[in-house]
Amino acid sequence: GAFVHAQNGSASFSDTTIDNNTASAWGGLYLDARSGSASFTDSSISGNTAAGSFGGAYVVAYNCSASFSDTTIDNNTANSGSYGGLYLDARFGSASFTDSSISGNTAAGSNGGAYVHAYNGSASFSDTTINNNTASGGSFGGLFLNTQNGSASFTDSSISGNYAAVSYGGAYVHVYNGSASFSGSTIDNNTANSGSYGGLYLFAANGSASITDSSISGNSARLDHGGL
């Protein structure tokens, strides 16, 4: 696929396709933009395959901002490892997703859809779908999000139809000492096949959480916490 090193600089992708590439690891995009910025607009990172891990996009945006607008990260595969769709390290920075899709990705291990690490930062999802992703051998089918000491917001977004062979089928959201909000969003029909937390796992100790005009329905877990 593509290797971009933009440390202490900026990287922008507009009307760009990074599709249908194959590699032993990092099938689609490897981007290091730490202490800089990364932006994706009207772009596609789709249909890529890694024999190991990181099928779609691997983005390091440590101490900077990463934005995705009208962008698709769909139908990528990590054939024998983890991180099928998106791996994003946005610690001490921000991550924003607007009118975008992270859907139909598959990992043989864990983290089928999106892994977003925004410790001491923020993550926002607006009109974005994280649907029909699969972690066929592990946990975290749809979304893993850590915004400890920061904030997470979901507006008019969907995390639905995701599957994890073990636990955390839909969304894992960790906002210890921070805040999380869901408005007009759906977390529906996700599955944790042999473990717990089918729909939404939300940890907001020492912080705040709000869910408004949203749906958490039709989720299932083999052990406990099917929905929330």
Side-chain angles (χ1 to χ4, degrees), residues 1-79 81-107 111-118 121-134 142-145 153-159 162:
F3 176 92
V4 181
H5 184 80
Q7 186 173 338
N8 295 317
S10 63
S12 64
F13 301 81
S14 180
D15 296 304
T16 298
T17 59
I18 304 172
D19 293 354
N20 303 317
N21 300 286
T22 302
S24 58
W26 300 292
L29 171 67
Y30 180 109
L31 170 60
D32 186 344
R34 72 188 73 187
S35 300
S37 65
S39 65
F40 299 82
T41 305
D42 295 313
S43 294
S44 171
I45 305 169
S46 300
N48 300 288
T49 300
S53 294
F54 310 109
Y58 175 95
V59 179
V60 177
Y62 179 89
N63 198 34
C64 74
S65 64
S67 64
F68 300 80
S69 179
D70 294 297
T71 292
T72 59
I73 304 173
D74 291 354
N75 303 317
N76 300 285
T77 303
N79 265 335
S82 297
Y83 311 106
L86 171 66
Y87 175 101
L88 173 59
D89 182 349
R91 288 173 292 167
F92 301 97
S94 64
S96 65
F97 300 83
T98 305
D99 296 313
S100 293
S101 171
I102 305 168
S103 299
N105 301 287
T106 300
N111 299 105
Y115 174 98
V116 180
H117 187 39
S122 65
S124 64
F125 301 81
S126 179
D127 293 297
T128 292
T129 59
I130 304 174
N131 292 350
N132 303 317
N133 300 286
T134 299
L143 171 67
F144 173 100
L145 174 61
S153 66
F154 299 82
T155 305
D156 299 321
S157 294
S158 172
I159 304 170
N162 300 287

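Keep in mind that the numbers below use all heavy atoms, side chains included, and drop hydrogens, waters and symmetry copies. The residues of the chain are indexed from 1 along the displayed sequence. This one's a predicted model, so the numbers in the text were calculated from it and none came from an experiment.
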Exactly one candidate in Thr128, Thr129, Asp127 meets side chain to side chain contact (heavy atoms under 4.5 Å, CB included) with Phe97; the answer is Thr128
Heavy atoms, side chains only, cut-off 4.5 Å: are Thr71 and Phe13 in contact? no
Rounded distance (nearest 0.5 Å) linking atom OG of Ser35 with atom CD of Gln7: 6.5 Å
Output the distance between atom CG (Asp99) and atom OG (Ser126), rounded to the nearest 0.5 Å. 6.5 Å
I'd like a table of donor-acceptor pairs (distance under 3.5 Å, sequence neighbours excluded) in which one partner is a side-chain atom from residues 86-94, with atom names and distances.
{"unit_1": "Asp89", "atom_1": "OD1", "unit_2": "Arg91", "atom_2": "N", "d": "3.2"}
{"unit_1": "Asp89", "atom_1": "OD1", "unit_2": "Arg91", "atom_2": "NE", "d": "2.9"}
{"unit_1": "Asp89", "atom_1": "OD2", "unit_2": "Arg91", "atom_2": "NE", "d": "3.2"}
{"unit_1": "Asp89", "atom_1": "OD2", "unit_2": "Arg91", "atom_2": "NH2", "d": "2.8"}

For Cys64 against Ala33, the heavy-atom pair lying closest together: SG-O, 3.2 Å
Nearest heavy-atom neighbours spanning Ala50 and Ala25: CB-CA, 3.9 Å
Which heavy-atom pair separates Ser37 from Ser10 by the least distance, and what is that distance? OG-CB, 3.1 Å
Would you name the heavy atoms of Ser101 and Asp74 that are closest together and state the gap between them? OG-OD1, 3.0 Å
Tell me if a side-chain donor or acceptor on Asn132 pairs with a main-chain N or O of Asn162 at a distance below 3.5 Å. no
Interatomic distance, OG@Ser46 vs CG@Asn105, rounded to 0.5 Å, equals 7.5 Å
Check: Ala78 main-chain N/O paired with Asn76 side-chain donor or acceptor under 3.5 Å: no
Is a side-chain N or O of Asn133 found less than 3.5 angstrom from the main chain of Ala114, in a donor-acceptor match? no
Can you name the nearest heavy-atom pair linking Ile45 to Gly56, along with the distance? CG2-O, 3.7 Å
Can you confirm whether the side chains of Asn111 and Ser82 place a donor and an acceptor under 3.5 Å from each other? no
Nearest heavy-atom neighbours spanning Ala11 and Val4: CB-CG1, 4.5 Å
